[in-house]
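Taking it in order: structure first as structure tokens, then the write-up.
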Amino acid sequence: MLLVGWCLLWLGLVLASVCASLESAAPGSWTPAPLNVLLIIVDDLRPSLGCYGDKLVRSPNIDQLASHSLLFQNAFAQQAVCAPSRVSFLTGRRPDTTRLYDFNSYWRVHAGNFSTIPQYFKENGYVTMSVGKVFHPGISSNYSDDSPYSWSMPPYHPSSEKYENTKTCRGPDGELHANLLCPVDVADVPEGTLPDKQSTEQAIRLLEKTKTSARPFFLAVGYHKPHIPFRYPKEFQKLYPLENITLAPDPQVPAGLPSVAYNPWMDIRQREDVQALNLSVPYGPIPVDFQRKIRQSYFASVSYLDTQVGHLLSALDDFQLANSTIVAFVSDHGWALGEHGEWAKYSNFDVTTRVPLMFYVPGRTAPLPEAGEKLFPYIDPFDSVLELTEPGRQVTDLVELLSLSPTLSGLAGLHVPPRCPIPSFHVERCREGQSLVKHFRFQDLEEDPYFRGNPRESIAYSQYPRPADSPQWNSDKPSLKDIKVMGYSIRTIDYRYTVWVGFNPHDFLANFSDVHAGELYFVDSDPLQDHNMYNDSQGRDLPRSLMP
């Protein structure tokens, strides 16, 4: 039966440590000297990038990185909200292990004293540094970005960060507002700068200081944009004339969508310009002209982000670090731009769980740059003619952000932590995700730029909590004590299959006998996941590709 098969399969993934078969390369087998690591983490970035086939978005610097990288076409976050996702991939544990589904607990106290990626590198002789939003700030990282465990020095946060949600957006009335849409004249904002600009400048300063160090470095740089509010230099709006902005291909709430699966995007409703629209709760809809403006500002924020990434990567060339530094680029989750009538993350759909993921490894994904050669020259997105940059090698297998931890360890030549036992709350260092290092062994693979293993074996798991079966004020971000339903979702090459079951927040147990709703989408014929076939599937055998 479908439910029995689901339970077995979900349990099988929780036991991923037993099923995983990917191993890392032998320590030190690729290079005699330790490689540095630059980890770039972006907030709320879906794969709206040129290197992922988006024809509208101008992202030349990220596309250039992709041309020298191994790019994963189908990478998925484990929960589509900031703190749980970041704690999950930075510890290499699933949300059911970190027991963080909201923003209100510190995993070392609440679940287990789990090691993190930077902590592991620090213990292996690296100088570890954090700039911007790497861990989610607040209780979820002990108000310290997990210092001193993870970092060799105090993490850096830009001073202008505190103005992000204040009245700094000039409205049509000439007054300052706390708006969702917030193109600004940078010279007029407090401190005359923006957080991501400050983070880039600080990261470049740190790179310059470490370029002559005898110790390798692990530098994590977290960018805020395109997270809301869309506060970015106003000139980037010119890249996206409104007449060129299309609506989401499926802007309506799907008829077969269970109410528990819908998120009412309460956070953008709190912005002054959205409040002025007097939208009905929970479904809206947002007027078409404002929909275009939201999408315009999202894309403009992505291009602004791209310039910051471009300046950062150009510094690797300037300091002769491009031949000794791994660059990993990832987002914590995606963001819906009107798909399914939603304007947020907070769901299990591809549009919010699928993220960009790429790795540049010197001498592996691209030839080592010669003396004086620039691998990452800065590219101005405002150039009237942008030279198209083809992505490098690509992997189409489905992968999880959980794989970031063992993959970075293996690429750097460190011993990859063992797979986690069940349960693993008592184990400080282990991994629940698979290492992706096998995809970097190009000599063992055909010369096709698109690599695919056995697609029937690649599976990605996500989950999202709800406080009730119907949308309400806290449906998007319920606190742990209010969680009543958990949506567990499996993405295979053929299906996205989600079951919403009863959840006890006191003992962290899901009751798979208490099914509230289900979703089943055939990805090949329904790539946008608009036609829920779950009810039609009841009483049938579980599809073979979903069998454990």
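In this chain, numbering begins with 1 at the start of the sequence shown.
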Discussion item. Before you tell me yes or no, could you show the steps for Glu400 and Arg94 under side chain to side chain contact (heavy atoms under 4.5 Å, CB included), namely the whole-Å CA-CA distance, both residues' side-chain angles and the distance that decides it to 0.1 Å?
Written reply: CA-CA 10 Å; Glu400 301 177 296; Arg94 299 186 186 280; 2.9 Å; yes

Discussion item. With a 3.5 Å distance limit and no angle check, can you tell me whether Ser409 reaches the backbone of His415 through a side-chain donor-acceptor pair?
Written reply: no

Discussion item. Is it the case that the side chains of Ser199 and Gln308 hold a donor-acceptor pair, with the cut-off being a distance below 3.5 Å and no angle test?
Written reply: no

Item to complete: Working to the nearest 0.5 Å, report the span between CZ of Arg215 and OG of Ser152.
Response: 5.5 Å

Discussion item. I'd like to know whether Tyr464 forms a side chain to side chain donor-acceptor pair (under 3.5 Å) with Thr352, so could you lay out the CA-CA distance, the side-chain angles of the two residues, the decisive distance to 0.1 Å, and finally the verdict.
Written reply: CA-CA 11 Å; Tyr464 208 86; Thr352 64; over 6 Å; no

Worksheet item: Which class fits the ring pair Phe230 and Tyr298: parallel under 30°, tilted 30 to 60°, perpendicular over 60°?
Response: perpendicular

Worksheet item: Are Tyr149 and Trp107 near enough that their ring centres are under 6.0 Å apart?
Response: no

Worksheet item: Is a side-chain donor-acceptor pair under 3.5 Å present for Ser297 with Tyr232?
Response: yes

Worksheet item: Thinking salt bridges, do Asp306 and Arg58 make one under a 4.0 Å N-O criterion?
Response: no

Discussion item. Taking the ring of Phe236 and the ring of Tyr304, is the distance between their centroids below 6.0 Å?
Written reply: yes

Discussion item. Parallel, tilted or perpendicular, judged at 30° and 60°: which one describes the rings of Tyr378 and His311?
Written reply: parallel

Practice prompt. Enter the distance from Leu35:CG to Leu408:CG here, rounded to the nearest 0.5 Å.
Written response: 11.0 Å

Fill in: Heavy-atom pair with the smallest gap, counting every atom of Arg46 and Glu339
NH2-OE2, 2.9 Å

Worksheet item: Thinking salt bridges, do Asp185 and Arg170 make one under a 4.0 Å N-O criterion?
Response: no

Worksheet item: Which is it for Lys162 and Glu191 under the salt bridge (Lys or Arg N to Asp or Glu O under 4.0 Å) test, yes or no, and what are the steps along the way?
Response: CA-CA 11 Å; Lys162 60 181 173 286; Glu191 300 187 30; 3.3 Å; yes

Fill in: Presence of salt bridge, Asp43 and Arg86, under 4.0 angstrom
yes

Worksheet entry | side chain to side chain contact (heavy atoms under 4.5 Å, CB included) evaluation trace for Gln78 with Glu432 | CA-CA 12 Å; Gln78 276 50 77; Glu432 293 183 357; over 6 Å; no

Fill in: His68 and Phe376 aromatic ring geometry - parallel, tilted or perpendicular at 30°/60° bounds
perpendicular

